[in-house]
Amino acid sequence: MKKILGVIGSPRKKGNTHVLVSQILSGAESQGFVQDQVFLNDLHIEECIGCHACWKIGSCVKQDDMNILYQKILESQVIVFGTPVYWYGPTALMKGFIDRFVYYNCPQNRPKIKGKCAVIVIPFEEQDMKAVNPVIDFFETSLNYLEMNIVGKIIVPGVTLRGEVKNKPEYLEKAYHLGKSLK
Ligand SMILES: Cc1cc2nc3c(=O)[nH]c(=O)nc-3n(C[C@H](O)[C@H](O)[C@H](O)COP(=O)(O)O)c2cc1C
């Protein structure tokens, strides 16, 4: 069974990130994937404290909802990372989530993420792509470092209000087709 996990790093439900990630998941579902979606804001995810216990014992010392996500990631072939631009970076929710990927940076845990497909979704308000480049760089360098395989990006400028991306059918279609193209 193929699984796809959508991780929504915006605190805004029915917002632009949510709408776009959902489109990708629907496209993938049409190709036989089982979809799962999580809102980071609904979960309790503590900050990485850099103790590197994961290196020593293979697991994280923090007993929080990240354990649920480590398991969901393990079971999924594709992970969709969605965040709006917040001050030229990802949201703090998304950054905190990715910080906990230090867990995958040790030899015993690397196989749990290596080779998995990643899709990046980033809506933002400005029109100038300069606003989103630091967020794209953040994902590309971090996920490539972890030997993930970035298979698609949905980058949407010029959206501000909750769900405003619904007025841009070309992006909805692009997201759906990206999901449909996943193997
Ligand atoms: C705290 C905060 C910071 C933001 N910073 C930026 C920014 O630096 N550049 C930008 O283009 N948009 C910025 N935005 C706008 C959001 O990226 C935009 O509204 C996006 O569509 C929100 O996505 P969502 O509906 O999924 O939450 C910011 C919004 C908030 C709330």
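One-based numbering, in listed order, for ligands and for the atoms of each. By convention here, the first residue in the shown sequence is residue 1.
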**Request:** Using heavy-atom distances, let me know which of F124, Y86, Y88, W87 sits nearest atom 30 (C) of ligand 1.
**Result:** Y86
**Message:** Can you confirm whether the side chains of N16 and R162 place a donor and an acceptor under 3.5 Å from each other?
**Reply:** no
**Asked** Should you measure from each heavy atom of P84, which atoms of ligand 1 turn up under 4.0 Å away?
**Response** 17 (O), 20 (C), 22 (C), 23 (O), 27 (O)
**Asked** For atom 19 (O) of ligand 1, what is the nearest protein heavy atom, given as residue, atom name and distance?
**Response** T160 O, 2.9 Å
**Prompt:** Among all protein non-hydrogen atoms, which one is nearest to atom 26 (O) of ligand 1, and what is the separation to 0.1 Å?
**Reply:** T17 OG1, 2.6 Å
**Prompt:** Nearest protein heavy-atom contact for atom 11 (O) of ligand 1: which residue, which atom, what distance?
**Reply:** E126 N, 2.9 Å
**Message:** Tell me the contacting part of R12 for ligand 1: side chain, backbone, both, or neither, using a 4.0 Å heavy-atom threshold, strictly below.
**Reply:** side chain
**Request:** Specify the closest pair of heavy atoms between A118 and F81, including all atoms of both residues, with the distance to one decimal.
**Result:** CB-CE1, 3.8 Å
**Message:** Under a 4.0 Å threshold between the charged nitrogen and the carboxylate oxygen, would K13 count as salt-bridged to D42?
**Reply:** yes
**Asked** Of all the atoms in ligand 1, which lie at a distance below 4.0 Å from a heavy atom belonging to G15?
**Response** 25 (O), 26 (O)
**Prompt:** Quick check: does V85 get an N/O under 3.5 Å from an N/O on ligand 1?
**Reply:** yes
**Prompt:** Looking only at N/O atoms, are R162 and ligand 1 under 3.5 Å apart anywhere?
**Reply:** no
**Request:** Number the atoms of ligand 1 from 1 as they appear, then name those within less than 4.0 Å of a heavy atom of S10, with their elements.
**Result:** 24 (P), 26 (O), 27 (O)
**Asked** Short N/O distance, under 3.5 Å, between V159 and ligand 1?
**Response** yes
**Fill in**
The single option from K112, K116, K114 that satisfies salt bridge (Lys or Arg N to Asp or Glu O under 4.0 Å) with E147 is K114
**Message:** If you define the side chain from C-beta out and look only at heavy atoms, does anything of C54 sit under 4.5 Å from V102?
**Reply:** yes
**Item:** Donor-acceptor contact present, side-chain T83 to main-chain T91, <3.5 Å
**Value:** yes
**Asked** Do E75 and D36 touch side chain to side chain, with heavy atoms closer than 4.5 Å?
**Response** no
**Request:** Return the option from N16, T83, V135 holding the heavy atom at the smallest distance from atom 25 (O) of ligand 1.
**Result:** N16
Got a list of side-chain donor-acceptor pairs under 3.5 Å for residues 164-179, not counting sequence neighbours?
unit_1	atom_1	unit_2	atom_2	d
E164	OE1	T160	N	2.7
E164	OE1	L161	N	2.7

